[in-house]
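In what follows, a structure is listed as structure tokens, so that the remarks can point back to it.
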Amino acid sequence: MNPLALTIFLLSLAIGTTITLSSYHWLLAWVGLEINTLAIIPLMTKIPHPRAIEAATKYFLTQAAASALLLFSSLINAWQTGEWNIDSISHLPMNALSIALMMKLGLAPLHFWMPEVLQGISLSTGLILSTWQKIAPMTLLLQTSHLINLDLTIILGLTSILVGGWGGIGQTQLRKIMAFSSIGHLGWMIVVLKFNPSLTLFNFIFYVIMTASMFFSLMTISATKMSEISASWSKTPTLTTSTLLILLSLAGLPPLTGFAPKLLISLELVKQNATLLAALIMLASLLALFFYLRLTYIVSLTLPPNSPNSLSSWRTSTKTLPITAIVNTLALILLPITPTLLIFL
């Protein structure tokens with residue numbers, strides 16, 4: 001892609017998110033979300049392949065439907081209350097608006113576009129879709145968390161955790177696995193959204209760091225399938241080891257970074273007398289743990305036939321190595337400084 005065009009699209013992504021983050025008016029928030037959607041579609045189709053065109057079309061249609069629902073619900077709210085402010089919204093439009101934002105995030109049962117779109121695009125665009133594109137809708141949900149329906153968040157959160165685990169078990173494509181991983185993590189965030197919004201923000205920050213580090217690792221070793229990740233050990237043992245640990249961090253195993261959000265959310269739910277809900281989401285997370293452990297096993301304990309022992313077949317991308325090293329470090333060792341981060345939130 002032309003560097004000038006790429007710069008314009010990336011700047012548009014940044015501007016769209018910034019407009020939504022700084023808006024106090026529903027119309028401005030909608031404009032920011034639309035700029036975001038329109039800016040990423042050319043990035044999805046930068047490789048002119050039928051799968052990429054199909055992914056971009058599916059993404060556009062779902063995001064347009066969600067934007068239309070968001071605009072409609074904010075219009076109904078303005079008709080009822082006479083205000084466009086984000087923090088003043090009545091009960092009925094709030095439910096429709098929450099569903100629209102959750103569709104934009106890809107929460108179950110509004111998740112069907114997410115694995116298909118992520119599978120059809122490149123890893124670099126998948127990284128943007130899984131991290132940056134989630135910021136604006138998540139911010140709007142956090143701003144309206146005191147008005148959101150508790151039953152809606154619990155049902156969609158629990159469904160997302162189940163779908164994220166259940167859907168990822170049968171996958172062999174790494175991008176689809178990352179899509180279901182994203183759905184599962186967003187489920188954890190939405191479950192605790194009404195109880196403690198700052199904990200949702202904390203979880204979201206950790207999710208972005210861990211997902212970005214996984215995508216950067218996959219980009220560096222040029223792997224999109226399980227068979228390719230199993231062959232990475234003979235090419236780059238150090239990076240493969242860190243990829244293995246990131247998978248365990250995404251699974252939420254101590255003493256890695258991913259353990260902190262799961263622990264704190266479980267404690268918060270128990271504190272709010274939702275012990276049964278905490279038990280259910282922890283049991284549902286065992287499904288996701290299975291496919292993370294299966295990936296870990298494939299990375300570390302299997303070797304493809306006829307794999308050379310030398311590093312002559314080195315096929316890694318050196319462009320992303322420095323940022324991969326930084327993000328991987330954050331994705332693994334943030335657990336000890338969790339109390340410090342919580343003070344700022």
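No donor-acceptor pair under 3.5 Å is formed between the side chain of S73 and the backbone N or O of A96. A donor-acceptor contact shorter than 3.5 Å links the side chain of S67 to the backbone of Q63. Between the side chain of K194 and the backbone N or O of H146, at least one donor-acceptor pair lies under 3.5 Å. Checking side-chain atoms of S160 against main-chain N and O of L107 turns up no donor-acceptor pair under 3.5 Å.
The residue from L248, I246, L250 that alone fulfils the side-chain contact (heavy atoms from CB on, under 4.5 Å) condition with Y292 is L250.
Defined by atom type and a distance below 3.5 Å, a donor-acceptor pair is missing between the side-chain atoms of T211 and K134. Inspection of the S182 and S130 side chains reveals no N or O donor paired with an N or O acceptor under 3.5 Å. T37 and Y59 share no side-chain donor-acceptor pair at under 3.5 Å.
Both M178 and I205 belong to a common hydrophobic cluster when Ile, Leu, Val, Met, Phe, Trp and Tyr are linked at side-chain heavy-atom distances under 4.5 angstrom. Linking ILVMFWY side-chain heavy atoms closer than 4.5 Å, directly or via other members, places L247 and L293 in a single hydrophobic cluster.
The nearest pair of heavy atoms linking T159 to P109 is CG2-N, 4.5 Å.
Between Y207 and H185, the ring planes lie tilted relative to each other; the angle falls in the 30° to 60° range.
Here L174 contributes atom CG and L118 contributes atom CG; the two are 11.0 Å apart, rounded to the nearest 0.5 Å.
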